[in-house]
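So the structure is just underneath, and the comments pick up after that.
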Amino acid sequence: MMGLFSQAGSHLRNVTGSNAKPRGASEDDKAPSDTEPDDTSILDENEGSIISSLISQLRVGMDLSRVTFPTFVLEPRSMLERITDFMSHPDLIFGAEQCDDPEERFLRVLQYYLAGWHIKPKGVKKPYNPVLGEFFRCQYDYPNRTQGFYIAEQVSHHPPVSAFFYISPENRVMILGELRPKSKFLGNSVSTTMEGENRITLLGKPEDGEYVITMPNMYARGILFGKMVLELGDTCIAKNEKNGINCDLEFKTKGFFSGTYNAISGRIRHNNNEVGEVSGRWSHVMDYKNTKTGAKRVIFDAVKDGQDVSPKWVPPEDQQEPNESRRLWSHLTQAILAKDMEAATDAKTNVEDAQRESRKKLEESNKAHVPRFFVQKDGRWAPKIQVPQDPKEATVVVREWIFGSINRSDEHSS
């Protein structure tokens, strides 16, 4: 799930001088040989001229949250929907509470997290920035005749905060979290710091408490000169305090002279004693090696199993509310899919102008925005629902809370 700056930088270097060559004009302009083809994009002359005007806005160290990006760098879905990539392989975490070994339960949770990163659009484009009050909801129907439910809402505009909640009561899994992305222009690169965390609860093992996982940072490098590369980098932390287990997981950026792209490594410690090691590439195969026994096993193979994604049911747009993601951005999405950049720009501007007007009215009335699905408690965003203990009762209550009276007879899974 590469929710970062996007491909925009792939043409920035070409507009810094009048004699610059178009991308693809020489061998030096080609993407690094060991990157994936889908990690690069070629922009046409019209797109490049728009990027050149964008550059004039940028200063080193600038916060990019207030910079408007052109529509051709957008992935046709909201960030609120993009977060569902982490719920794509539920079989990796379902049943984890039945494992007697706390280290095995920890590894199952880590598998769920790592399996979400391989999903990315061609060119690694940027999803829509959600507007205040926007929400996305969906339901999963699993082969074992159980369900999962997801709701995400943009709860704050400045700073931007996306809160999300997933639960599958009968599979005994609950995930709560928030994202607070901060992007900066660094000269020849753009960094996106993904503040926030995932908090996973195995409902069948309440004594474990929460499994907390933070996010790595993201980089678009070589945007002015050199070779354009998009990477995950730095260290994220996975921990389960109740059992004393943690993992410092390093997403490695490639060095100038060595290394490979999309590499990860991490050491799992239990009460400060190393018990295992994670290694591999998040875009390909990741392994776990048991320090005690030396046994090694695959924890996720994105090449082999990456296509086995759980489909989600989303209410048809004619049953969605005006601020529901797919309906809110429908004209922009249609224009992007039709490759009509002018119509896309108009559609994007219309949504953003309406959002500014809405915020203006709130300010003039001295009122604060009140999120619909989430409330802030002790500095964290929590869902406005008390989930019943009984799994079947919880399924009914959660479905009603998220979807209300929406008619499920019109099936639409994607």
Side-chain angles (χ1 to χ4, degrees), residues 77-88 90 127-128 130-142 144-157 161-179 199 201 203 310-333 351 354-355 358 361-362 367-377 380-414:
R77 60 174 175 164
S78 172
M79 173 60 86
L80 299 182
E81 181 173 356
R82 174 74 86 88
I83 298 170
T84 62
D85 289 352
F86 285 107
M87 290 74 183
S88 296
Y128 310 150
V131 299
L132 185 65
E134 176 186 341
F135 68 93
F136 177 83
R137 54 187 171 182
C138 67
Q139 176 175 320
Y140 298 87
D141 296 295
Y142 300 121
N144 63 356
R145 304 181 68 83
T146 62
Q147 288 80 42
F149 305 94
Y150 171 86
I151 179 70
E153 182 178 10
Q154 193 69 6
V155 294
S156 173
H157 181 68
V161 180
S162 304
F164 59 94
F165 173 72
Y166 164 89
I167 189 170
S168 182
E170 292 185 87
N171 290 299
R172 316 305 285 144
V173 174
M174 183 175 72
I175 302 168
L176 179 62
E178 57 193 64
L179 290 179
R199 301 188 292 275
T201 301
L203 298 173
S310 290
K312 56 182 178 286
W313 175 81
V314 181
E317 283 185 19
D318 61 4
Q319 293 189 43
Q320 292 183 18
E321 298 184 23
N323 58 330
E324 202 157 345
S325 293
R326 289 192 180 180
R327 178 177 172 183
L328 176 70
W329 298 105
S330 61
H331 294 301
L332 174 56
T333 299
V351 172
Q355 170 71 186
S358 177
K361 289 181 179 178
L362 273 177
K367 294 181 180 178
H369 172 74
V370 178
R372 172 174 170 180
F373 293 97
F374 295 86
V375 63
Q376 200 165 26
K377 295 180 179 178
R380 306 194 324 186
W381 289 96
K384 294 180 179 180
I385 184 175
Q386 186 67 38
V387 179
Q389 294 278 342
D390 179 71
K392 292 189 179 299
E393 182 185 356
T395 297
V396 174
V397 170
V398 172
R399 182 189 293 117
E400 174 67 23
W401 174 64
I402 293 178
F403 295 104
S405 59
I406 285 182
N407 180 13
R408 180 64 201 275
S409 62
D410 186 357
E411 299 291 323
H412 180 68
S413 296
S414 59

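The chain is numbered in sequence order, starting from 1.
- Ion pairing between K392 and E170 holds under the 4.0 Å rule for side-chain N and carboxylate O.
- The shortest distance between side-chain heavy atoms of Y140 and S168 does not fall below 4.5 Å.
- By the ring pair (Phe, Tyr, Trp, His ring centres under 6.0 Å) test, F135 is found to be paired with F373, residues two or more places apart in sequence or in another chain being considered.
- Not a single side chain to side chain donor-acceptor pair (under 3.5 Å) links Q376 to another residue, sequence neighbours left out.
- Around atom NE2 of H331, no more than 12 heavy atoms belonging to other residues, nucleotides or ligands sit under 6.0 Å away.
- Separating the CZ atom in R327 from the CD atom in Q319 is a distance of 11.0 Å, to the nearest 0.5 Å.
- The side-chain contact (heavy atoms from CB on, under 4.5 Å) search around S156 returns P159, V161, not counting sequence neighbours.
- The OG atom of S405 lies 7.5 Å from the CD atom of E400; values are rounded to the nearest 0.5 Å.
- A donor and an acceptor atom, one from each side chain of D141 and Q139, are located under 3.5 Å apart.
- Partners of F149 according to the ring pair (Phe, Tyr, Trp, His ring centres under 6.0 Å) rule, which considers only residues two or more places apart in sequence or in another chain, do not exist here.
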### Full working for side chain to side chain donor-acceptor pair (under 3.5 Å) between T333 and Y128
CA-CA 10 Å; T333 299; Y128 310 150; 2.8 Å; yes
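- Residues satisfying the salt bridge (charged side-chain N to carboxylate O under 4.0 Å, His left out) criterion with E134, sequence neighbours excluded, are absent altogether.
- For E393, the side-chain contact (heavy atoms from CB on, under 4.5 Å) partners two or more places apart in sequence, or in a different chain, are P388, D390, V397.
- Atoms CD1 and CD1, from I151 and I402 in turn, are 5.5 Å apart once rounded to the nearest 0.5 Å.
- The salt bridge (charged side-chain N to carboxylate O under 4.0 Å, His left out) test applied to R399 returns no partner, not counting sequence neighbours.
- Residues V131 and L328 are in side-chain contact: their nearest non-hydrogen atoms beyond the backbone lie under 4.5 Å apart.
- Atom OH of Y150 sits about 13.5 Å away from atom CZ of R137, to the nearest 0.5 Å.
- Checked against ring pair (Phe, Tyr, Trp, His ring centres under 6.0 Å), F374 has no partners two or more places apart in sequence or in another chain.
- Y166 is linked by a side chain to side chain donor-acceptor pair (under 3.5 Å) to Y142, counting only residues two or more places apart in sequence or in another chain.
- With contacts defined as side-chain heavy-atom distances shorter than 4.5 Å, the pair L80/Q154 qualifies.
- For the pair N144 (side chain) and T146 (backbone), a donor-acceptor distance under 3.5 Å is present.
- Note that CZ of R82 and OG of S325 are 13.0 Å apart. Values are rounded to the nearest 0.5 Å.
- Ring centroid separation for the pair W329 and F136 does not come in under the 6.0 Å cut-off.
- Side-chain contact between R172 and T201 is absent, with no heavy-atom pair separated by less than 4.5 Å.
- Applying the salt bridge (charged side-chain N to carboxylate O under 4.0 Å, His left out) test to K384 and every residue at least two apart in sequence or in another chain returns nothing.
- Residues meeting the side-chain contact (heavy atoms from CB on, under 4.5 Å) test with S330, sequence neighbours left out: E317, Q334.
- Checked by atom type and distance alone, the side chain of E153 pairs as donor or acceptor with a backbone atom of R372 at under 3.5 Å.
- Contact annotation: the side chain of Q355 approaches that of L132 to within less than 4.5 Å [non-hydrogen atoms, C-beta and beyond].
- Ionic pairing of E81 and R326 is present here: one or more N-O contacts between side-chain nitrogen and carboxylate oxygen are shorter than 4.0 angstrom.
- Taking K361 as the reference, E357 meet the side-chain contact (heavy atoms from CB on, under 4.5 Å) condition, with sequence neighbours excluded.
- Rounded to the nearest 0.5 angstrom, L176 CG and M174 CE are separated by 6.5 Å.
- Two residues are said to be in side-chain contact when any heavy atoms from C-beta on lie closer than 4.5 Å; P371 and H369 meet this criterion.
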